[in-house]
2 protein chains.
Amino acid sequence: MARWQPDARGRLAAAALELFAERGFDQTTVTDIAARAGLDKRTFYRLFGDKREALFSGSELLEQTLVAAVAASEAAPFDTVVAAYRRVAEEIFTDRLETVRLRQSIIDSSPELKERELRKMGSLAAAVAVALRARGVDEVTATLATESGATVFRVAFARWLGSGGGSSLAELVAEVAAELRAVTAGA
Amino acid sequence: MARWQPDARGRLAAAALELFAERGFDQTTVTDIAARAGLDKRTFYRLFGDKREALFSGSELLEQTLVAAVAASEAAPFDTVVAAYRRVAEEIFTDRLETVRLRQSIIDSSPELKERELRKMGSLAAAVAVALRARGVDEVTATLATESGATVFRVAFARWLGSGGGSSLAELVAEVAAELRAVTAGA
DNA sequence: ACGGTCATGTCGCATAGTGACATCACTGCT
DNA sequence: AGCAGTGATGTCACTATGCGACATGACCGT
């Protein structure tokens, strides 16, 4: 049997990204992905829950970063969440516009992948809400601050991808947060 | 060949709901659903995109109601969206607590179904945003008002299902909207 | 009665995803 | 060295999803 593969998970994720970009998500089989990584289909399924997961292997880091930032903050709930997303923007998305754009174009081309993306953002939000409650924030406030913060990030993210990249994602997050305040205040 | 089945879609949706409740989503095959409705597996796939869709056949009505309410309103964007969800709460969810609770318990028991629910809420939100923009609201404001309104509805919905049903969903929507204003204002 | 739709059934197929078992590299112990 | 155990991987077989292609039979208008 082939020796244990160094970083099998990473190699599979990379192979999946390449193939999805080359032929599209639906036109790529799990066997294809495994073959490109020099592994078996069964091994893929031991490292990833399903085919879609191969595109979301970075979300653990995202969640860790986000939760840590929330736990470290002492600001008001909504400000905390927005600041945490800004932190993520700086630490994870800086200088990655093109990489992120490619990945996002793949996701946007497949309804299945969009579904999974929504699920990931939802579980991110749930983790943030838990971190907020650990700070003594009541549940409803935690949920509302969390979801509003996620909305701000989504809008800022879309704007970042859309425009050439003149401003940083972190700046855009701050801007959009201000706009949300205006909208809910009754603009 | 059997005569054309009256309301085949509705019968399949009902059969699916029953079976999901009896044995769970994963333990129910599409062939089972079709058999209970007296139809063939292939017919199911002609009427529903996939197995999950059978649980979401009501979402077209939801979207229509929501969009109509948005189009008819002239209030500020966020108020418009909240009012539209209140309208939906009154017209579609009144006196359906137990039915809705059953359906939701099925959805909550399967990650796949939760994913699909998120997608449905997302497409609902997209439709609302389009309706808002048709009223001349700029895109970012429309998105933020739309997403914030959806958040309010989700939280109110969860609270409605959680508590015995003393207050109506419409009332809860109004309450949560007020709380969201407080949270984004900096509670 | 005849031809044309159209919903449905039948058949076959590629693929997703999983359980069970075999295999081999590496580790530590004797 | 040798040997048992562990853990990652491969192999095989299987169920279920979802879809293309074609057949069939009920209904409709003329």
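Here is the naming used below: chain letters follow the sequence lines, and residue numbers restart at 1 for every chain. A quick note: this is a predicted structure, and the numbers were derived from the prediction, not measured.
- Counting only N and O atoms by type, the side chains of A:Thr29 and A:Asp32 include a donor and acceptor under 3.5 Å apart.
- B:Val152 pairs in a side-chain contact (heavy atoms from CB on, under 4.5 Å) with only one of the listed residues (B:Leu172, B:Val81, B:Val176), which is B:Val176.
- Following rounding to the nearest Å, B:Leu19 (CG) and D:dA16 (P) show an atom-to-atom distance of 14 Å.
- D:dT17 atom C1' lies 15 Å from atom CD of B:Gln27, rounded to whole Å.
- To the nearest 0.5 Å, atom CD of residue B:Glu60 and atom OG1 of residue B:Thr65 are 11.0 Å apart.
- Contact between the side-chain N/O atoms of A:Thr43 and the OP1/OP2 oxygens of D:dG10 is found at a separation under 4.0 Å.
- With hydrogens and angles disregarded, a donor-acceptor distance shorter than 3.5 Å links the side chain of A:Arg11 to the backbone of A:Ala37.
- Going from atom CG of A:Asp50 over to atom P of D:dA16 covers 19 Å, rounded to whole Å.
- Taking the side chain of B:Lys51 as heavy atoms from C-beta on, and the options D:dT9, C:dT8, D:dG18, the nearest nucleotide is D:dG18.
- Comparing D:dA16, D:dT9, D:dC19 against the side chain of B:Tyr45 picks out D:dC19 as the nearest.
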Identify each atom pair where a protein N or O and an N or O of nucleotides 19-21 of chain C are less than 3.5 Å apart, giving names and distance.
{"unit_1": "C:dG19", "atom_1": "N7", "unit_2": "A:Arg42", "atom_2": "NE", "d": "3.4"}
{"unit_1": "C:dG19", "atom_1": "N7", "unit_2": "A:Arg42", "atom_2": "NH2", "d": "2.8"}
{"unit_1": "C:dG19", "atom_1": "O6", "unit_2": "A:Arg42", "atom_2": "NE", "d": "2.9"}

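- We find that CG of B:Leu47 is positioned 16 Å from P of D:dT17, with the value rounded to whole Å.
- No side-chain donor from either of A:Thr43 and A:Asp40 sits under 3.5 Å from a side-chain acceptor of the other.
- Counting atom types as modelled, A:Lys41 pairs a side-chain N or O with a base atom of C:dG17 as donor and acceptor under 3.5 Å.
- Atom CZ of B:Phe44 is separated from atom P of D:dT17 by 9 Å (rounded to the nearest Å).
- Per the geometry, CG belonging to B:Asp26 stands 13 Å off C1' belonging to D:dT15, to the nearest Å.
- Of the possible donor and acceptor atoms, one in the side chain of B:Arg135 sits under 3.5 Å from a partner among the backbone N and O of B:Ser73.
- Closest to the side chain of B:Leu39, out of C:dG9, C:dA16, D:dG18, is C:dG9.
- Between B:Phe48 atom CZ and D:dT17 atom P there is a gap of 15 Å when expressed in whole angstrom units.
- For the contact set between residues 108-123 of chain B and DNA chain D, defined by any heavy atom under 4.0 Å, there are no members.
- A salt bridge is absent between B:Glu115 and A:Arg52; no separation between the charged side-chain nitrogens and carboxylate oxygens falls under 4.0 Å.
- A:Arg52 comes within 4.0 angstrom of sugar-phosphate atoms only, judged by non-hydrogen atoms across all strands, and of no base.
- Between the side chain of A:Arg181 and the backbone N or O of B:Thr184, at least one donor-acceptor pair lies under 3.5 Å.
- Residue A:Arg116 places its CZ atom among more than 12 non-hydrogen atoms of other residues, nucleotides or ligands, all under 6.0 Å distant.
- Spacing between atom CD of A:Glu53 and atom C1' of C:dG17 amounts to 14 Å, rounded to whole angstrom units.
- With D:dT17, C:dT8, D:dG10 as the candidates, the nucleotide lying closest to the side chain of A:Asp40 is D:dG10.
- The cationic atom of B:Arg103 (NZ for Lys, CZ for Arg) lies less than 6.0 Å from the six-membered ring centre of B:Phe56 and within 45° of the ring axis.
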